Every structure is written in structure tokens, then in C-alpha cells.
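Structure first, then comments.
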There are 2 protein chains.
Amino acid sequence: MTQSTPAAGKDPAGTGPEASVPVPAAASGGPISHAIFRLARLHRMFAGQLLRRIGLHPGQELVMMHLWELGPQRQTDLVRLLDSDAATMTRTIQRLEQAGFVRRRPSPTDKRASLIEPTAASHALRREVEQSWSQLEDLVTAGLSADECTEALSTLERLEQNLVQAAADPTCAAER
Amino acid sequence: MTQSTPAAGKDPAGTGPEASVPVPAAASGGPISHAIFRLARLHRMFAGQLLRRIGLHPGQELVMMHLWELGPQRQTDLVRLLDSDAATMTRTIQRLEQAGFVRRRPSPTDKRASLIEPTAASHALRREVEQSWSQLEDLVTAGLSADECTEALSTLERLEQNLVQAAADPTCAAER
DNA sequence: GGTATTTACTTGTTCGAACAGGTATCTGCT
DNA sequence: AGCAGATACCTGTTCGAACAAGTAAATACC
């Protein structure tokens, strides 16, 4: 926390440009929320750019990584692994299937389910996907020491834990 | 929603190499990237839940906050302020207009542009939106001291800065 | 066995995000 | 003045995310 930008501090009118971080007073009510939002947006954009070259859309690569690693899975398993949505998974699988990266096989034990398995063609992508991930990681952690990385990770996880806990907390009133 | 603990669980040796929790080795290639992804997802979900009650969709509230704060703006200005996309802004404005939160007035000086201004009805939402933002901020920073908040913010901004810089860096080769 | 509930998956919808065009209009340059 | 290029905005498309409903099969219960 040595060279923090004065984002949360002052941003007097007039100077306008603000090339690095656009942060009007609109964000003053939630500087950390806003920072999460901006970081996530940038991060997602980079991931999208990296994935685009290898013919995947953001989100699809996570499905593929799980399939490569764990072998054939039911959609429900993937949903649980990715903490995703069944409807989203249905369409993601459909697109991956149409793209030739995935195949569906009826489950031998459950007529409702089908097993999703990566195709041979998809394995050619595996290295590129993993490479892109580590490239993105390098980008985002540039200039950070190992200790700083650990600390950053712990910070992110702490924030995440706060939200996880809030989701489980009945006082949240965010029930649906 | 129901997300298992990412790092809180100690997960002793056990049997497998990575019998960890939400993601196996798939994330090992980019722990920080993955943490950003998860945090952002949760954060977005919470924001969505809070906004849902007040009749806005995630993203729309940012537009409204800028309009409330800065007064009538052209779409281009909003795009620049939010670092967003012109096409996205067009449709977001259309929906906000249809919802009655925004009005369009032709620009007196530029026949191409129109000025977007918040309606009187929209001002009733302002307090709720700001309240939701600070509520979300409280949620995400729960249990953090002021110092820890500052540090967390600085960490987030540092990661963001890395990506901002990478985007400007020609070695990125991500140019079109 | 027969019914109720849960589970696995699908479809429809709306939304933001991003890319690829397309059309006016404005601006800079000659 | 006239033209090239930039600008402001719109439309079409595909994608993930989330919600709502619905179908079929498995499971639980009586």
C-alpha cells in the first residue's frame, strides 16, 4: 500500500482527463465496490481477448478446463463445479458442441442426464488455454512479489468470504 | 448463492493432490485471476439483487448516478465516463427511457447528438441507489478496519493498474 | 403399486458486453 | 467551397448471466 493512487481521495473538478481511472463522485459511496467493478471489467476484457484467438468465449474455457481435467461430466456436475446456472450451462454446452469441442453421450444410468466429454479436437486447445491463463495471471500480478501476491490473494478471498457469508446470512434479506 | 468456501477450508492432505474446494487444478494456473473472477461474480450478483428491488438492472444505476450528479449528458459523454461501449449505451438509454427514468432532448449545437437527462421520477430512486451502494460496500468490507479497507482498495487498484498499463503496452499485441 | 417430490435438462425472456457494420453530421484541411 | 476523416448514434448479431416455466425421468414415501 505504498503508492496507492488518489482515487478515493481527491478528484477535484477541472482536471478532467483522468486517463487511468475514471472515478467521479458517483463512486464515492463505494470505493471498494467500484474498484472491484473496474478490476473485474478489465480482467474480463483481457480474458476475452486472450480467449478470442483460440476460438472460445469467456466462460467456455472454464467448462473445458474442468472437462479436460476431470473427464466426462454431467451438466449438473459442471454447474456445481462452476457455481453456474443450469440454463446457462445448457446453452454453453450446446455452443461448445456445435463448435466441435464437446460431445454428448447419454448417461448409462440416468435417462435424464447426458455425459459431456471433450473431443479430441478440443485437446489441441488445452495448452493454449492454460497458457492464456498464466499469461493473464502474469499480467495482473506484474511487479508484485510473491509475498504481495499472497497478500493480494488473501485480500480478494477475504472480500469474497464476506459476500459468501452475507449470502448465507438471513439478515441479508436478499432472499428471493 | 451457495458457494463453498474457497480458502477458508483448511483441506488437509487427504487423498488426492488437489481435493480442494470449488475448483481443482483448473485455477491453479491463475489463482488471483480466479479469485478476481469469483469475487466479481458474487459482487455483481449482490448488486443485481439490490438493484432489482428498485427497478434497475446492473449497469443502469451507474448511468443514473452520473446523470444525477453531472446533469444532462450526451451518450458519448456517458460512454467515456463509464468507459463503456456506444452500442451498449444506446440500448441502455433506450431501456431507461422506456422505463421513464430518462428523457432525450436534441442537442442545440449538434444535430447528431441528444442530451440525456434524468426525469423527475428518477430522482426518487437516487437515495435508494446510493443506499444500496453503501449497503453493498458495508457488506463487502464487513469486519475490515479502516486501514484494512485502505489496503484492500490499494491492492485492487494496483491490480487494475497492471491491467491498464498492459492495455496500453504495445507488447501486449492485443491490438486489432 | 401408485403418488408426490426431487432432479436433470430445456426453452423463453430480458439484460449487459462486445464486435461488425451503417447513417447522418460535424470538422479539419486544402 | 469541397472533400476526407472523425464523431455521434443506431442496428444486427452472438455470447454469458439470471429468472421463470416447463418436461421427463429418477427417487422417496405410503
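Predicted model only: the values in this text are computed from it and were never measured. Side chains are part of it too, since the values below use all heavy atoms of this structure and drop only hydrogens, waters and symmetry mates. Below, chain A is the first sequence line, B the second, and so on; all start at residue 1.
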Counting any heavy atom closer than 4.0 Å, what does [X] reach on the DNA or RNA strands: base, sugar-phosphate only, or nothing?
X        : result
A:Arg74  : sugar-phosphate
B:Thr88  : base
A:Thr76  : sugar-phosphate
A:Ala86  : base
A:Gln94  : sugar-phosphate
A:Ser114 : sugar-phosphate
A:Ser107 : nothing

Separation of [N] [atom2] from [X] [atom1] (nearest whole Å):
X        : N      : atom1 : atom2 : result
A:Arg80  : C:dA8  : CZ    : C1'   : 10 Å
B:Leu96  : D:dC9  : CG    : P     : 15 Å
B:Asp77  : D:dA8  : CG    : P     : 8 Å
B:Arg112 : D:dA6  : CZ    : P     : 13 Å
A:Gln75  : D:dG16 : CD    : P     : 13 Å
B:Met45  : C:dG16 : CE    : P     : 18 Å
B:Asp85  : D:dC10 : CG    : P     : 13 Å
A:Arg104 : C:dT10 : CZ    : C1'   : 9 Å

Run the salt-bridge test on A:Glu97 and A:Arg103 with the 4.0 Å N-O cut-off and return the result as yes or no.
no
What I want to find out is whether A:Glu148 reaches B:Arg158 closely enough, with some N-O distance under 4.0 Å, to be called a salt bridge.
yes
Classify the side chain of B:Arg91 and the base of D:dG12 as holding, or not holding, a donor-acceptor pair under 3.5 Å.
yes
Just N and O in the side chain of A:Gln60: are any of them under 4.0 Å from OP1 or OP2 of D:dG16?
yes
Side-chain heavy-atom pair B:Glu117, B:Val102 within 4.5 angstrom cut-off:
no
Audit row: A:Trp133, B:Ser33, side-chain hydrogen bond (donor to acceptor under 3.5 Å, both in side chains) steps and yes/no:
CA-CA 8 Å; A:Trp133 263 74; B:Ser33 279; over 6 Å; no
